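Predicted model only: the values in this text are computed from it and were never measured. Numbering of ligands and ligand atoms starts at 1, following listing order.
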Amino acid sequence: MKNWAANLTYSSARIERPRTLAELAGIVAGEPRVRALGSRHSFCDVADTKGVHVQLDLLDDGRPALEVDPATGVASVRAGLRYGEVAADLHARGRALTAMASLPHISVAGAVATGTHGSGDGTRSLAGDVVGLELMTASGAVLTLRRGDADFPGSVVALGALGVVTRVELATVPAFDVRQDVFTGLPWDALFDNLDAVLGSAYSVSIFTSWFEPDVRLVWCKSRVDDGAGAAPALPVELGAAPATRPMHPLPDVDAAACTEQGGVPGPWFERLPHFRLDFTPSLGEELQSEYLLPRAAGADAVRALRALGDRLGPLLLTSEIRTVAGDDLWLSTAPGDSLAFHFTWRQDWPAVRAVLPELEAALLPLGARPHWGKLFTVPVADLPGLYPRFGDFAELAARLDPTGKFRGGYVEALLAP
Ligand SMILES: Cc1cc2nc3c(=O)[nH]c(=O)nc-3n(C[C@H](O)[C@H](O)[C@H](O)COP(=O)(O)OP(=O)(O)OC[C@H]3O[C@@H](n4cnc5c(N)ncnc54)[C@H](O)[C@@H]3O)c2cc1C
């Protein structure tokens, strides 16, 4: 079995798809090595195991797949559902998530386990909106953890290392509509001088570039239409960009049929916040991805450093994206404070990408960068704990809940090695 991008063959002996909690408990308690696998969209071996993989897409835990508490708006969802499925159901009930990743195809538990995020000055990562979860631990028993519990901040971005999450509780807000407006050709100087203003010009903003182009290729603005933002944001045009005259794909020269509707047409939040439609292949498929999150204050320095590396990065890139993420308090969060995310979609040439990543990381790590847990990086695993002040607490929690290391695998094994 390979991951979605087919750059990784998992080393598990077999994959189980349990249908009941009792079946799952039998596997978890009975196997020496087990690891939950989501929708396989990570690019690195974060989900790997030499034991047995469990996928939860068929799991029926005896409760409705999605329930919303009318008093709090909290949605309790089966962990193996895809975000796109959860979002459509929530919308039908008049509720919304504050953020979506670029693709709706990813499983809820797999996405939050790696700190997956969308974009927006005021929106936390998908993990940041988790308020509770149910976790099957090594014995097969299910533990419920909620915001306010001492271990909760360690249990959401947890890399599959604490057990198998069977249900996730998500904060929701009333449903809202969004319009997408895309602008092309922003001059670099305008971006250097107005980075925060451009990124703050809509509810959710993504900037796409390959760093060596003469100007910034796309500024992609997603505006809520119920909060006074009924028109396209004015700033990109004021700074010299032009409104796109046709739907644009994040990757140059790729047809935009797979993209959610643009051109300022308002629509439901879950059909605008992701870049890609659920029923199409997201991005390109034949690609690799890396991503680094940095404190907001380092943004301008990071943009200049990456522009200076443009000739090295550009030939390997399909595209690169700058986004913002509001901070949260999760121990392994890549956005512990308000952050900028620098994402790289590479051509599928790992030897060449591996050769350039150390240069990229040498530019970004001194600025406080943390690699995305689910993507490709060359930072030594032994250096990662030093990037997380609460890593020791996470390691202690993992050792307490999983004393034999049943749930470790891939690079997470080395990360948690004593
Ligand atoms: C085209 C594309 C676009 C992307 N866009 C974004 C983006 O916009 N923003 C972003 O931040 N990332 C993005 N990513 C990365 C992606 O969101 C993460 O890699 C995410 O973790 C994938 O979720 P998954 O369900 O595929 O999990 P997997 O890759 O299958 O697993 C990831 C981790 O989750 C754990 N896990 C899975 N299920 C469970 C469970 N039930 N219990 C406990 N642990 C579990 C696994 O053990 C593993 O550690 C993108 C990836 C692709 C391929």
Side-chain angles (χ1 to χ4, degrees), residues 1-8 10 12 15 18 24 28 34-49 53-57 59 61 77-83 99-119 125-128 133-137 155-168 204 206 250-251 258 273-276 280-293 318-319 321 323 325 332-335 339 341 343-345 371-376 402 407-413 415:
M1 168 80 99
K2 289 182 186 277
N3 64 343
W4 172 84
N7 65 304
L8 173 79
Y10 295 114
S12 53
I15 299 184
L24 176 63
V28 166
V34 189
R35 207 154 167 76
L37 189 60
S39 53
R40 301 178 290 109
H41 283 89
S42 293
F43 290 85
C44 58
D45 68 355
V46 62
D48 206 11
T49 179
H53 265 132
V54 286
Q55 266 189 317
L56 304 194
D57 53 333
L59 183 73
D61 61 356
V77 308
R78 286 188 193 153
L81 289 178
R82 298 185 295 166
Y83 260 100
M100 295 278 287
S102 67
L103 76 175
H105 307 64
I106 44 180
S107 79
V108 173
V112 303
T114 64
T116 292
H117 59 88
S119 187
S125 77
L126 306 185
L133 42 80
E134 292 175 23
L135 177 73
M136 188 175 283
T137 53
S155 63
V156 185
V157 183
L159 315 175
L162 306 183
V164 181
V165 174
T166 56
R167 264 191 113 82
V168 183
S204 168
S206 289
L251 276 52
L273 294 181
H275 302 331
F276 302 108
F280 281 76
T281 299
S283 197
L284 192 64
E286 196 177 327
E287 65 189 61
L288 302 173
Q289 292 186 15
S290 305
E291 186 165 0
Y292 302 85
L293 287 95
L318 294 168
T319 194
E321 181 178 7
R323 290 190 281 183
V325 191
L332 296 195
S333 174
T334 44
S339 298
H343 158 102
F344 304 86
T345 304
H372 192 303
W373 292 109
K375 301 191 179 181
L376 294 164
D402 179 24
F407 296 115
R408 298 178 192 181
Y411 76 77
V412 178
E413 180 114 43
L415 185 68

* Once you round to the nearest 0.5 Å, how far does CH2 of W373 lie from OG of S42? ->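 Between W373 CH2 and S42 OG, I get 12.5 Å after rounding to 0.5 Å.
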* To do: For ligand 1, would you mind listing the residues that have at least one heavy atom less than 4.0 Å away, ordered by chain and number?
  =>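 Within the 4.0 Å shell of ligand 1, which is judged on heavy atoms, sit W4, R35, A36, L37, G38, S39, R40, H41, S42, F43, V46, A47, L56, A101, S102, L103, I106, S107, A109, G110, A111, A113, T114, T116, H117, L159, G160, G163, V164, V165, S283, Q289, R323, H372, G374, K375.
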* **V46 and V412, any side-chain heavy atoms less than 4.5 Å apart** => yes
* To do: Could you tell me which residues satisfy side-chain hydrogen bond (donor to acceptor under 3.5 Å, both in side chains) with E413, sequence neighbours excluded, listed by chain and number?
  => R33
* Residues two or more places apart in sequence or in another chain: which of them pass side-chain hydrogen bond (donor to acceptor under 3.5 Å, both in side chains) with T49? ->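 T49 satisfies side-chain hydrogen bond (donor to acceptor under 3.5 Å, both in side chains) with no residue once adjacent residues are dropped.
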* To do: Report the residues that fulfil ring pair (Phe, Tyr, Trp, His ring centres under 6.0 Å) with H53, sequence neighbours left out, ordered by chain and then residue number.
  => Y10
* To do: Please report the closest heavy-atom contact between R78 and L59, naming both atoms and the distance.
  =>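 Here R78 and L59 meet closest at CD-O, 3.4 Å.
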